[in-house]
Every structure is written in structure tokens, then in C-alpha cells.
Asks: 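I have a structure I would like to understand better, so I am pasting it below and will then ask my questions one at a time.
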Amino acid sequence: MVGKTGFYPHVLERPPPALPSRRVLALPRIASGKVREIYEIDQQNLLFVATDRISAYDVVLGQTIPDKGRVLTGLSLHFFDLLDTPNHLVTNDLSGVPGLSEQDRRELAGRAMVVRRAEVVPVECVVRGYLYGSSWREYREGGGPTTEHLPSGLRQAEKLPEPTFTPATKAATGHDENITEAETREILGDVLFNELKSRSLAIYGQAADYADDRGVILADTKFEFGHVEGELLLIDEVLTPDSSRYWPADEWAPGSTIPSFDKQYVREWLESQPWDKDPPAPELPEEIVSGTRARYIEAYERITGASYNDYLDAE
Ligand code: Q0Z
């Protein structure tokens with residue numbers, strides 16, 4: 001649609017306008033997350049939109065990162081294509097979506113997907129290949145739901161003997177809460193539990209091997225599933241930096257914290273500010289915004305092996 005010499009000759013130096021936060025389309029909005037929105041197209045189909053909002057330390061920042069939503073959508077599309085697992089994607093071609101203005105279509109290009117409306121399974125399917133984040137905290141403090149099957153003596157960021165399925169639920173606070181295998185079986189029943197566990201571990205294994213070949217560690221990731229006409233589909237965003245912890249392989253060493261690919265830059269700057277992590281966050285300087293944007297684009301290119309400019313051109 002947009003040629004190489006068309007609207008984006010300036011991809012790294014002069015970003016296109018970021019999607020303004022929470023712009024209201026003519027479509028009814030049925031869900032709004034910290035950084036994503038879902039609109040209703042019809043009974044069967046939803047419009048899944050990744051905005052350019054960014055959160056850090058659980059706070060949505062006041063500034064957007066131009067192209068972040070497109071990078072995340074591009075990564076989801078890449079993995080839907082790569083993984084041989086049934087998923088909710090219908091199309092990324094928005095020409096058949098009614099009720100959008102020309103401006104909507106321009107702003108949504110590359111950041112929105114038409115997806116099948118599913119009955120969402122009420123458990124987040126987390127798979128961990130490395131001991132980090134909330135799981136490391138549980139482990140260090142004597143164990144918790146995610147450490148049930150782990151040997152003793154592991155260090156922070158250590159590779160686990162094998163990847164583990166460590167489900168979580170959305171607690172009332174909006175925070176994810178890790179739950180035990182027994183609690184998960186209680187919620188899902190044994191049949192669905194077993195199916196989600198084997199699907200999740202298989203997808204993680206495929207994606208982690210793929211990332212490994214590109215010099216990237218997929219430390220952990222979170223999948224969501226839903227039912228459509230009796231079939232269990234992978235839904236939501238998949239294997240994006242927002243749903244996954246990606247590390248550059250050459251920056252990994254067990255026994256310490258590992259800088260994350262995408263948000264480290266923002267986190268380090270925020271840490272340098274006198275800020276107690278209560279909203280609002282301090283305003284990001286322009287160079288932190290542009291540096292973070294460059295890191296998202298680098299993550300896209302490193303993980304997919306494709307050029308981000310080509311992704312925009314194809315939209
Ligand atoms: C996903 C979420 C939010 C973005 C609902 N295919 C589907 N069918 C039915 N529901 C969903 C999906 Cl993906 C669904 N979420 C999580 C919330 C923004 C994603 F506010 N919620």
C-alpha cells in the first residue's frame with residue numbers, strides 16, 4: 001500500500017504520529033487494557049488494537065512510543081504464521097471492516113487484527129524457561145505456586161531443568177496472581193488443564209528454539225486461549241515483548257538481573273529520577289522516547305529477521 005518512497009521514508013529519524021491514547025472509533029469498544037483495546041465488529045469478529053502506550057512498573061506512562069503498537073502487532077502476526085497451532089487471527093487486512101474512517105484506517109494499519117471472538121479461558125498460561133521475576137521472588141522467599149516442581153539451589157535468571165507451566169489468574173487488583181497446579185485444575189478441570197499445559201509447553205518450546213537461533217533468549221511468556229465452536233484457539237497477542245521476557249543471549253548470565261530488550265532504557269531512566277512509582281510517572285525526555293522506539297524496532301528485526309520498513313510497506 002505504502003511504497004518504500006511513500007509515507008515512511010523517515011522511519012528511524014522522524015516517526016509517524018503515535019496513535020493517540022484511547023481514540024474512540026465508531027465501533028463499540030468492549031475491552032480496554034493498559035496498552036491495548038478491543039472493539040466489536042460483529043457477533044463473530046473483534047478488532048484487536050495495539051496502541052503506542054507503554055507501561056513501566058505497572059504505571060502507564062504519559063508519553064507514547066511511536067510504532068510500538070505496530071511492532072507488537074507485527075510480532076504477533078509473525079508468530080501466528082510461524083507456529084503451527086490454531087489461533088484467533090482472521091486477517092490483518094482492515095479493508096473489510098465496516099465503519100472506519102480513512103483516518104482510522106491509516107492509524108490502524110499495521111497495529112490492528114481482525115480476530116475470532118472466543119470464550120476466553122479464565123487462566124493466563126505462563127511458561128517459564130528461566131527463573132526470574134515473580135517466580136524468582138517466590139523461590140527466594142521459600143517457594144510458591146510457580147516453584148512447586150523446582151530443585152533447590154537455583155540462582156536468579158538460571159535456566160530451568162525444563163520449561164515449567166505456571167498459570168496465573170487476573171486478580172481483582174488487575175495484577176496477575178500465580179496459582180498452584182491444584183488450584184488451576186480446580187478452575188479448569190483436568191481435561192482442559194492437560195490440554196492447555198501441553199499446548200503451552202509445545203508453543204514455548206517452538207518459539208524458544210526459534211529465538212535461540214537468533215541470539216535471543218525467550219525467558220518466559222504468557223499465552224491466552226479461548227474456545228470457538230468447541231475448538232481451543234490461541235488468542236490475544238502472542239510472543240510480543242509485552243507478553244514475554246526476551247533477553248539478548250550475550251547479556252545473559254545466571255546470578256544477576258538481566259536487562260530486558262525493550263524496556264530497560266525506560267526503566268533505567270525512571271530509576272534515575274526521584275519517583276516513588278506512584279502515578280503519574282515523570283515525563284520521558286525525547287531521547288528516551290526515541291531510544292525506546294529504536295529498541296522496539298530492533299527487537300522486531302532481530303526476532304523476525306525481517307526489516308521493519310518492509311512490514312510498514314506491506315501494510
Ligand atoms: C482478550 C485484552 C483488553 C486487549 C478479551 N479473541 C478474543 N475473543 C474474546 N475475547 C478476547 C479475545 Cl482476544 C479478549 N482480552 C484481553 C483486554 C485489551 C486484550 F482490554 N480480553
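Note that the structure is predicted; figures quoted are calculated from it, not measured. Start at 1 and go down the list; that is how both ligands and their atoms are numbered.
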Asks: Give the residue, atom name and distance (to 0.1 Å) of the protein heavy atom nearest atom 12 (C) of ligand 1.
Replies: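 Of every protein heavy atom, I235 CD1, 3.9 Å lies nearest to atom 12 (C) of ligand 1.
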Asks: Using a 4.0 Å heavy-atom threshold (strictly under), name the region of D236 that reaches ligand 1: side chain, backbone, both or neither.
Replies: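 Both backbone and side chain.
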Asks: Looking at the rings of H78 and Y210, which for Trp means the six-membered one, are their centres under 6.0 Å apart?
Replies: yes
Asks: Heavy-atom contacts with R117 under 4.0 Å: which atoms of ligand 1 show up? List them by number with element.
Replies: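 Listed by number with element: 8 (N).
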Asks: Measure the OG-CG distance between S134 and D176 for me, rounded to the nearest 0.5 Å.
Replies: 8.5 Å
Asks: Record the part of L46 in heavy-atom contact with ligand 1 below 4.0 Å; permitted values are side chain, backbone, both and neither.
Replies: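 Answer for L46: side chain.
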Asks: Considering only the protein, which heavy-atom contact is closest to atom 11 (C) of ligand 1, and what is its distance?
Replies: V120 CG2, 3.7 Å
Asks: Can the ring centres of Y246 and F261 be said to be less than 6.0 Å apart?
Replies: no
Asks: Distance to 0.1 Å, residue and atom name: give those for the protein heavy atom nearest to atom 9 (C) of ligand 1.
Replies: A118 O, 3.2 Å
Asks: Please work out, at 4.0 Å between heavy atoms, whether the side chain, the backbone, both, or neither of H88 comes within that distance of ligand 1.
Replies: side chain
Asks: May I ask you to check whether Y132 and W247 place their ring centres under 6.0 Å from each other?
Replies: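 They qualify: ring centres under 6.0 Å apart.
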Asks: Does Y265 have its ring centroid less than 6.0 Å away from the ring centroid of Y296?
Replies: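 So the answer is no for these two rings.
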Asks: Would you verify whether the NZ or CZ of K277 falls within 45 degrees of the ring axis of Y57 while also being under 6.0 Å from that six-membered ring's centre?
Replies: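 Because its charged atom sits under 6.0 Å from the ring centre and within 45° of the axis, K277 does stack over Y57.
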Asks: Can you tell me which residue and heavy atom of the protein come closest to atom 14 (C) of ligand 1, and the distance to 0.1 Å?
Replies: I38 CD1, 3.5 Å
Asks: Tell me which part of S32 gets within contact of ligand 1: side chain, backbone, both or neither, using heavy atoms under 4.0 Å.
Replies: backbone
Asks: After noting the C-alpha distance and the side-chain angles of K222 and D236, does the key distance pass the salt bridge (charged side-chain N to carboxylate O under 4.0 Å, His left out) rule?
Replies: CA-CA 10 Å; K222 175 172 81 182; D236 211 283; over 6 Å; no
Asks: At what distance is the nearest protein heavy atom to atom 3 (C) of ligand 1, and which residue and atom is it?
Replies: G33 N, 3.6 Å
Asks: Which atoms of ligand 1 are found less than 4.0 Å from any heavy atom of R116?
Replies: 6 (N), 7 (C), 8 (N)
Asks: Would you tell me whether T73 and N92 have side-chain atoms, one donor and one acceptor, within less than 3.5 Å of each other?
Replies: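 Not at all, the side chains of T73 and N92 share no donor-acceptor pair under 3.5 Å.
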